[in-house]
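These numbers were taken from a predicted model, which means no experiment stands behind them. Letters A, B, ... mirror the listed sequences (proteins, then strands); counts begin at 1.
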Amino acid sequence: MKYEYIKNTFLKFFQKKNHKIFSSFPIYLENDPSLLFINAGMNPFKDYFLGYKKPLYTRITNVQKCLRVSGKHDDLENVGYDNYHHTMFEMLGNWSFGDYSRKEAIEWAWELLTNIYNIPKEDIYVSIFIGDKEDDKLLMDNETFICWKNLISEKNIIFFGKKENFWEMGDVGPCGPCTEIHIDIRHKKDKKKLLGRYLVNKNHPKVIEIWNIVFIEFLRKNNGKLEKLDKKHIDTGMGLERLCMILQGKSSTYETDIFYPIVKDIEKSLGNIYKNEFYQNVSIRIIADHLRAIVFSICDGKIPSNNGSGYVIRKILRRAVFHVNLFLLKKEPFIFQFVPSLIKKMRIFFPELEKNNEYIQYVIKEEELSFIKVLNEGNKKIQYVINKTKEKKKHIISGETIFKLYDTYGFPLSLSKILIEKHQLKIDEKSYQKKLLEQKNRSKKSNNAVIKEDWIVVNTTKEDLLNNSVEDNFVGYFHTEIDNVFIIKYRIVKNILIKNNFYELVLSKTPFYPEGGGQIGDTGYIINNINEKISILNTKKENNTIVHYTNQLPFHITFPFKAIIDINRRKDIEKNHTSTHLLHFALRSILGNHIQQKGSYIGNEYLRFDFSHYKKLTTDELLEIGKLVQKFIFSDFHLKEKQFSSLIEAKKIASYYSSNELFNYENQKKIRVIAFGDSSELCIGTHVKNTRSIEVFQIISESSVSHGIRRIKALTSRKAIEYLKNIYHQYDSLKMIMKYPNSITKSYNYILEINKKLKQEKLKIEFHQIELLKRIFYSNSIQLNNKIRYLCDINNLLKKEKLDINIIKKTLLSLRIKIEYFISIIGFINNEKPMIFICISDKIAKMNSALYADNLILKISDYISGKYWGNHLFSTSVGKNKNGLILVKNYMDKYIIKLIKNQ
RNA sequence: GGGGAAUUAGCUCAGCUGGCUAGAGCACCUGUUUUGCACACAGGAGGUCAUCGGUUCGAUUCCGAUAUUCUCCA
């Protein structure tokens, strides 16, 4: 049975049972701060289970892309070393939202596995929740037991506790008892020796869990307690990779047709390097697995970065590169080249992959390159550390040093270890772990600083609750203030660090735009009829609920309120949002159709637009783009807003959209298309009524965000005028300073040229001065014996002429080259301070260390109460006592002559 | 969100404890020699040492802020 067939069979089976087929959601949820990635098929349906949102269908089936590398479910370190763990996997699921019960869910699962997929009944084991008398006071799941008893021998039923058979999404959220289906794929002989039931949940590679059927009945609250839900739901998940492994009779998922072609491609490209050796095979499996996780994540719009979900992607990819580098001996980007092989396999179900093929390869290659760079730099650094340690004849390298290599420069501990052990050295791992723990604690502290408590419902009927999705209660497209608003629920957000409470409010309806589509959230206030006024500081979306942020609660919380947004701020935002559309259109017109939006920020102060383009924009291009946007603004385009009930219809009208963006619209009832002139875009934001009100558009910067993505920042209206006026002011003052030239650029170039010439002139003069000074110094110097030329010139001619001290220095440095045996001491007054230079030639330095310039200066700098510094050949002293200078010559003459005589 | 680092010539980077003629390789320019695979040799140009403050007689170097980049933790 092939992968495609297995997948389609599942969906069609449940379609026949009246389930609506959904395509997979992207691998992460846009508005859920509690999750970095979808780690279970039920994540996107959380609100349906909790009754916060009413589903359009009560029966759904889908195959969801999931990633398990962080938080409660983390399998990363296992991947590659065993046969069936994966970072990314596809989860086959069927869902009931208050519709069917345990009986149907269990019977259908049985029917599908035994009748359609033809898995032998005796190989199937099921586990049932035994109850929890202590913490949660839950009874044994008898209903499930009865259902199974009718289908399967009791020998194949096993009971387990909370850890195995009570499923929870995370610390808080929907949960409930579950029944798991395990399959025994061992050899007949082995099965006879020991019954499979003794190997369930024992990490046996051939007795494995494939399907978890969860009966969602509770909400786990912040305080740790369970709250019974109004309706009972079904949430099931079966790992597609493991199912394929079983149905294809393989003992490893990597041998199924999902992974096998890629594994073979990798082996092939290795050629002679491939030795079919353990770590190489692990590395190949790691590439095959990690590549899939990364490709899907990038395609869904997550790119490697240094925090949040982007960092998870980076960690996965770098783990793969690490193995490539160490065991497959490739020192250049390698993994990216298998992207096409993966896409070829997956494109039927995920056509968006093919569209983004080049982009995905590019992102992966860049990240590989940057990690290889990190490894190279780290190698140099650790080599230095190793050499130093050996020089000092030590055997243990401090954990702090190795930790710093990792923490600051990204060089992995395991690599450090390998390299260090090669030199028969050791790392003090205790201090390394201590440092790492410190780092983790610091993060925890900052992370736990904000605690969000449970929602407190204050003023509502069930209907209000069900209706409070973004689409239903946002009225801000048409109203900036509304009456008769109720606070439905609120929660307290505590910040321990600054010891301050904030509050989040959900309103029955709202004119406040929640942050989304690049546009920032509205601010404003709500006020009740006894004039209690509460400021709204920001507005965001959380899983389809609009949340208003404030720092105080009204006393009369159940009263009706008037909700009013900061209208001037909103107007500024709207000008920026419409300008962003116009900019997008202008970019496409001038640079070409390859321009794709890669993100935007639309605030009240400025706007930012990121887009795919591979070259820096020229000044001319920027000028043209600015001009075109300005032309649109003066064209008096009216806002044309159209609403569609299907995405297909909307796509016909909208001139462009990113595939990523599309998904967020797929499950919405209404789809908006915003048009100004020829520009039309799918958009959820708010806009000006007429482009003329934007007045002025001005680009203020163009830069690179990451490879292949450029960023334009721009201002509009008042801000743009202020900016331009400020530039004009600068220009005007510059003109004034330059005495009003005809052309500023011409004059500036002229000045540059003159400056260059003057510098050359100065050099010439300096050269002459040095030549002159050389002669003077030479004539003032005396012959000490037949070799040595000695000069001690203290405060003599130099005080008459004001000379640059650099010239004196250069003169001496030039003389020490010219005269083989040369000792010079020059004293003078500079800036009212006495200074002494001592300079000797190389051959003098070789004669006697007492003649070193730095040793000589030490003898005399006390005379002028000076600080001194320098090296053997040239030294300096600067002092406070001018009168001491005269004493220097007398002392020095005697001292030097004495030294020379003793030679 | 929290920590650690980096920013020096067009590019890749040295410059350890404040002062030591701000350097190397590649690229560029000009000669000479050769016209062949990174040609060779000689010479040259190119720097607000990221920006702004502070300490100091003196800051590329020390301290602080800002910007950008890298990196780790969550």
Side-chain angles (χ1 to χ4, degrees), chain A residues 33-36 69-72 74 304-312 314-315 318 366-367 369-378 380-381 384 388 400-413 432-433 435-450 495-498 701 703-707 711 713 752 755-756 759-760 763 766-767 770 804-817 829-840 852-854 857 861 864-882:
Chain A
S34 68
L35 271 179
L36 293 176
V69 274
S70 56
K72 204 178 152 111
D74 188 348
S305 77
N306 55 355
N307 46 33
S309 47
Y311 184 59
V312 174
R314 164 167 292 175
K315 243 166 100 171
R318 291 195 170 188
E366 283 302 310
E367 181 63 21
L369 272 172
S370 83
F371 189 52
I372 289 166
K373 199 176 162 194
V374 164
L375 292 178
N376 288 340
E377 303 266 309
K380 271 189 224 161
K381 289 204 158 74
Y384 179 80
K388 281 274 157 191
E400 279 171 45
T401 310
I402 301 303
F403 180 74
K404 193 177 181 182
L405 271 176
Y406 176 60
D407 184 51
T408 306
Y409 303 105
F411 197 69
L413 170 68
Y432 177 94
Q433 292 301 341
K435 279 276 159 189
L436 186 67
L437 198 71
E438 276 171 23
Q439 160 93 303
K440 287 187 176 180
N441 285 338
R442 255 197 310 270
S443 295
K444 247 182 217 160
K445 208 170 151 191
S446 82
N447 242 31
N448 292 342
V450 175
N495 190 322
I496 295 168
L497 283 185
I498 50 171
S701 76
S703 59
S704 157
V705 197
S706 62
H707 244 99
R711 167 172 293 176
K713 282 188 194 166
L752 274 185
N755 191 34
K756 206 172 166 183
K759 271 186 186 167
Q760 283 167 352
L763 275 178
E766 268 182 23
F767 179 77
I770 289 168
D804 187 349
I805 58 169
N806 261 323
I807 293 200
I808 303 169
K809 197 158 129 193
K810 283 179 182 171
T811 309
L812 292 175
L813 288 164
S814 160
L815 278 174
R816 71 171 277 277
I817 305 289
I829 309 281
N830 180 46
N831 276 339
E832 293 299 300
K833 287 194 183 73
M835 281 187 89
I836 302 168
F837 286 151
I838 298 182
C839 184
I840 62 168
Y852 285 168
D854 44 353
I857 201 94
S861 81
I864 54 166
S865 313
K867 286 185 192 173
Y868 56 88
W869 65 89
N871 58 19
H872 299 347
L873 304 173
F874 192 98
S875 63
T876 313
S877 177
V878 177
K880 286 170 192 154
N881 178 18
K882 279 194 276 184

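For A:Asn306, whose side chain is taken as the heavy atoms from C-beta onward, the closest listed nucleotide among B:C72, B:U71, B:C13 is B:U71. With B:U71, B:G2, B:G4 as the candidates, the nucleotide lying closest to the side chain of A:Lys404 is B:G4. Listed nucleotides B:C13, B:U71, B:A74 differ in distance to A:Lys315; the shortest reach to its side chain belongs to B:A74. When distances run from any side-chain atom of A:Tyr409 to the nucleotides B:C72, B:U71, B:A5, the shortest one goes to B:A5.
For the C1' atoms, the distance from B:C16 to B:A27 is 30 Å, rounded to whole Å.
Rounded to whole Å, atom P of B:G19 lies 15 Å from atom CZ of A:Phe837. If you measure from atom CD of A:Glu377 to atom C1' of B:A5, you get 12 Å, rounded to the nearest angstrom. Here B:C70 presents its P atom at 13 Å from CG of A:Leu369, a figure rounded to the nearest Å. For the pair A:Met835 CE and B:G58 C1', the interatomic distance rounds to 9 Å; values are reported in whole Å. Put simply, CZ on A:Phe371 is 9 Å from P on B:U71, counting in whole angstrom units. The NZ-P distance, from A:Lys381 to B:G4, rounds to 17 Å in whole Å. Taking atom NZ of residue A:Lys440 and atom C1' of nucleotide B:G3, one finds them 14 Å apart after rounding to whole Å. The distance from atom CG of A:Asp407 to atom P of B:C70 is 16 Å, rounded to the nearest whole Å.
Annotation: the span from A:Lys380 atom NZ to A:Leu375 atom CG amounts to 12.5 Å, rounded to 0.5 Å.
Counting non-hydrogen atoms of other residues, nucleotides and ligands closer than 6.0 Å to NZ of A:Lys381 gives a total above 12.
In this model, the phosphate group of B:G4 is not approached by any side-chain N or O of A:Arg442 to a distance below 4.0 Å at OP1 or OP2. The side chain of A:Arg314 places an N or O atom within less than 4.0 Å of a non-bridging phosphate oxygen (OP1 or OP2) of B:U71.
No hydrogens or angles were tested; on distance alone, nothing pairs the side chain of A:Glu438 with the base of B:G3 as donor and acceptor under 3.5 Å.
Comparing A:Lys444 and A:Thr876 by the nucleotide of RNA chain B that holds the closest heavy atom to each, the one mapping nearer the 5' end is A:Thr876.
Here A:Phe874 lies out of heavy-atom contact (under 4.0 Å) with every strand.
When all heavy atoms of A:Ala853 and A:Ser875 are compared, the pair lying nearest together is O-OG, 2.8 Å.
A:Ile402 places a side-chain heavy atom less than 4.5 Å from the side chain of A:Leu413.
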